A.B. asks: 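I'd like to ask some things about the structure below.
Just so it is clear: chains get the letters A, B, ... in the order the sequence lines come, proteins before strands, and each one is counted from 1. Every value quoted in this text rests on a predicted model; they were computed, and no experiment measured them.
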Amino acid sequence: MSTTRSYPSFNDEAIYRILIEESPTPMALYVGREMVVKVINPMMLKTWGKDASVIGKTYYESLPELADQPYFKILDDVFTSGVAYTATEDRVDLVVDGRLQTFYFNFTFKPLKNSDGSVWGVLNTAADVTELALTREKLRHSEEFRQAALDAAELGAWNFNPINEKIAWDKRCRELFGFSAGTVVEYKDALKGVHPDDTSFLQREINLAVDPNVNKNFDVKYRTISADKNMRWVRAKGKAYFNENGICDRFSGTVQDITKEIYDSEEQRRLLKLVENSQDFISLSNINGNVTFINPAGLQMVGLDSLEEAMRPNTDYVEPEELFKIRGEIRKDIAEKGIWTGEINYRHFKTKEPIPVHATTMTVYDYLTGESWGRATISKDLRQEKAAQQALTDQIKQYEFVTNFMPVQLWTATADGTIDFVNQRAIEYAGETTANSEGLTWLNFVHPDDMGFFLAAWNEALETGEPYEVEFRLKDKQGVYRWHLSRALPFKINGEIIKWFGTNTNIDEQKQLQRQKDDFLAIASHELKTPVTSIKAYAQVLGAMLGKEGEIKKAEMVARMDAQVNRLTNLIGDLLDVTKINSGRLQFNKTWFDVDEVIKETIEDLQHTTQKHELLTDLKAGCHIYSDKDRIGQVLTNLITNAIKYSPQADQIIISTEIEDDRISVCVQDFGIGIPEDKKDKVFEQFYRVSGNKQHTFPGLGLGLYISSEIIKREGGNMWVNSIENKGSTFCFSLPIRKPDEEKAY
Amino acid sequence: MSERSKKIMIADDDPGIVDAVGMMLEFEGYEVTSTMDGSTVVDMMNDHPDLLLLDIWMSGEDGRDICKKLKHTMETKNIPVIMISASRDIQTSAIESGADDFLAKPFDMAELVNKIERLTADIA
């Protein structure tokens, strides 16, 4: 070796080889397109986990584990393109120590070129950065984990530097405070996102936390207002860190949206308030049946003084005999349906008084586990209700007692006429079985002959709302019909009929008496007529004999006797008529006749009975009517004799007729004592007589006008009187003029 | 006045009526027979009266039944019958039973005589 060559030739391959082999950096040289490993230093072999046998083999042969990694292609690209490839912390999986391991390398593939620019080999240098990469990976993971935790808890993280008054916020924080992404916010700006009412409080808490002398635990709840004016409740927790000079240089922590919790707890608070103030008994008991909570109303209801006293088995709360119900029905319902509702008797702890309640008890489940936690019970005190019910029942019983005691049949009907109540008396009358049958009604008990006017009266009352009153025969349980007077009044609220209250009074006895009276009068007057007939016959024969013998004076006396007999006959006739009217047996023998003619005949007869009065006529009717001629004559006689009787000072009586609207009206006018205004309607009543000091001066039974008005009424007409006291009266009646073609229908 | 007195028979259960009416008719010139027993009326028709005054309310017998019987018997059906009653309401049923006329008690002598004369006019 020459001294001038004290430096190895730069072409000396050996020098490069040493440099490469001794380099602490893994290095390798691959030549040709096949990338034959020409040179590889021990560091690279160590990295590969291979030995020197790889020299002379291709890169691909040496590292078969790279087949599914991108490096073969990258290397080939470098050879063909002549462009170097540099990797930073690239992951390479290599089989080292017999197993595939993950490594991270900073490495380069550098092309080695001929003078003509063509690539003849690639120099590979690499630095194992696996440890660094893994650390970095771990760090990244932990950061991600932290963020994930924060996100999961909906926590935002913040970092406040009290020295420069800047706050670093994460995404969540910014959302909560309504700031845009990535901004570093000044402390004073951050405070703007806080609800004005909470600002000073929050500032005070922060100041106490960052004060090294206090270093107060920072855990506050306050409201934030976001940019869109949404208010949120947040809870912020934080810790202040102090530097070596005792000055706080970092104050960081988390912030959490607790709006829902606040509202939930608000709701809970309200619910609790409701429970506290409820008038009902509300309790909770745990799975073992021990009461854990009772509201104040509950405590008061059962006579407990404190919640401590209330902590006892729920079976203590009920009457001992209710335990069967609890162990049976209640337990079963709760097990099957989770709820039981019903009545049960609690017991007052002090007085031992039973307290009837309507209770609902249900299973409550744990919010998180969904498992049965115990029971909630709400109970309503029924004592007042029961007392009121009892009072009502008592009242109804009293009412029933009274109504049953009453000697009348009492009934009520709905507005549409359906009977909905009859008293015991009615049931006893009609018979138990019939009255108990469905649908109370009188219809099955009313005499068939009376059904017509019974229904007419009831329907008219229902339609008009006027009081109902009718007499009919009602069948008793023996099947005997008895006369009843039925009356009902509508009970109205705000003008609307709610109910009809009715009575049926047995008037059979009165009816019988009335009939007996009528029968008696009929027989009596009939019997009276027989001797009167004889007397009249004798008188007439005697009068005729005396007349024949020229005993004019005696004959005249007998004639007067005959006139008195006629008067007696008329009185008997009136009595008979009244009995006929009362029993509905007044009969009419109808014929066609001229009213004016009947008036003339009547006047002719009556003119003889008075010397003082002149009977004047003004007859303008001149028509025939279909009626009972004798009865109409009777009415006319009655009106004219009354006119004579009650006008002793006057000397005229005017009888007039006229036709108006298919009716003929007949009037008899006198100029006598007249009738006071308030007595005018009474004169047509049975047995009415002129009252006062004149009573005795006018004889009569008081039946005439009653009979007359009844006759006219039954002939389809009506009768009335116009009168001025001390001036005179005009009695009138009107009758329908029936046309011949209506005769048949009549 | 006819040459022969008309024979009037009175059937009434009241002696007062029989006596008084009988007296009245005799005074008027009639020949009068009478009975107070309703059951004998039909038998007594053998006397052939010119007219029968029949009370509607004979004891034990209804005058209307007697009237019907007479009017259904050949020998007696032409004898006029005036039925007498205290009640005017009987008039219709009296005529229905075949009576030729009706008279309500009490009655005027003239009224009775008029009816008798009208019903017996053809006899004379």
A.B. asks: Quick check: under 4.5 Å, non-hydrogen atoms only, which of residues 98-108 of chain B neighbour chain A?
C.D. replies: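 At a heavy-atom separation under 4.5 Å, chain A is reached by B:Lys105, B:Pro106, B:Phe107, B:Asp108.
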A.B. asks: Which residues satisfy the salt bridge (charged side-chain N to carboxylate O under 4.0 Å, His left out) test with A:Glu556, sequence neighbours excluded?
C.D. replies: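 Partners of A:Glu556 under the salt bridge (charged side-chain N to carboxylate O under 4.0 Å, His left out) test: A:Arg560.
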A.B. asks: Check this for me: B:Lys71, atom NZ, are more than 12 non-hydrogen atoms of other residues, nucleotides or ligands nearer than 6.0 Å?
C.D. replies: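 Result for NZ/B:Lys71: enclosed.
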A.B. asks: Are more than 12 heavy atoms, taken from residues, nucleotides or ligands other than A:Lys629, located less than 6.0 Å from that residue's NZ atom?
C.D. replies: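 12 or below, so no.
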A.B. asks: What residues, two or more places apart in sequence or in another chain, satisfy salt bridge (charged side-chain N to carboxylate O under 4.0 Å, His left out) together with A:Glu471?
C.D. replies: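 Counting only residues at least two positions away or on another chain, A:Glu471 forms a salt bridge (charged side-chain N to carboxylate O under 4.0 Å, His left out) with A:Lys511.
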A.B. asks: Verify the neighbour count for atom CE of A:Met557: are there more than 12 heavy atoms of other residues, nucleotides or ligands below 6.0 Å?
C.D. replies: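 No, not enclosed.
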A.B. asks: Return the CE to CD distance between B:Met23 and A:Gln540, rounded to the nearest 0.5 Å.
C.D. replies: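 Separation between the atoms: 13.5 Å.
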A.B. asks: Answer yes or no: is there a side-chain heavy-atom contact under 4.5 Å between A:Tyr538 and B:Met24?
C.D. replies: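 In short, these two side chains do not touch, never coming nearer than 4.5 Å.
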A.B. asks: Name, in order of residue number, those residues of residues 595-615 of chain A that have a heavy atom at a distance of less than 4.5 Å from a heavy atom in chain B; otherwise write 'none'.
C.D. replies: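 Hits under 4.5 Å: none found.
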A.B. asks: Quick check: closest heavy atoms across A:Ala544 and B:Met109, and the distance to 0.1 Å?
C.D. replies: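 In terms of heavy atoms, the two residues are closest at CB-CE, 3.8 Å.
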A.B. asks: Counting only heavy atoms from other residues, nucleotides and ligands, does the tally under 6.0 Å from NZ of B:Lys69 exceed 12?
C.D. replies: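 It does not: B:Lys69 NZ has 12 such atoms or fewer within range.
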A.B. asks: With a 4.5 Å limit on heavy-atom distance, are the side chains of A:Ser534 and B:Asp14 in contact?
C.D. replies: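 They are in side-chain contact.
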A.B. asks: Just how far is it from atom OG1 of A:Thr530 to atom CG of B:Asp55, taken to the nearest 0.5 Å?
C.D. replies: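 One finds 7.5 Å between OG1 of A:Thr530 and CG of B:Asp55.
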A.B. asks: Counting only heavy atoms closer than 4.5 Å, note whether A:Thr569 contacts chain B via side chain, backbone, both or neither.
C.D. replies: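 Answer is side chain: those atoms of A:Thr569 sit under 4.5 Å from chain B.
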A.B. asks: Give the member of A:Val565, A:Leu576, A:Asp630 that has the highest number of heavy-atom pairs under 4.5 Å with chain B.
C.D. replies: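 The answer is A:Asp630.
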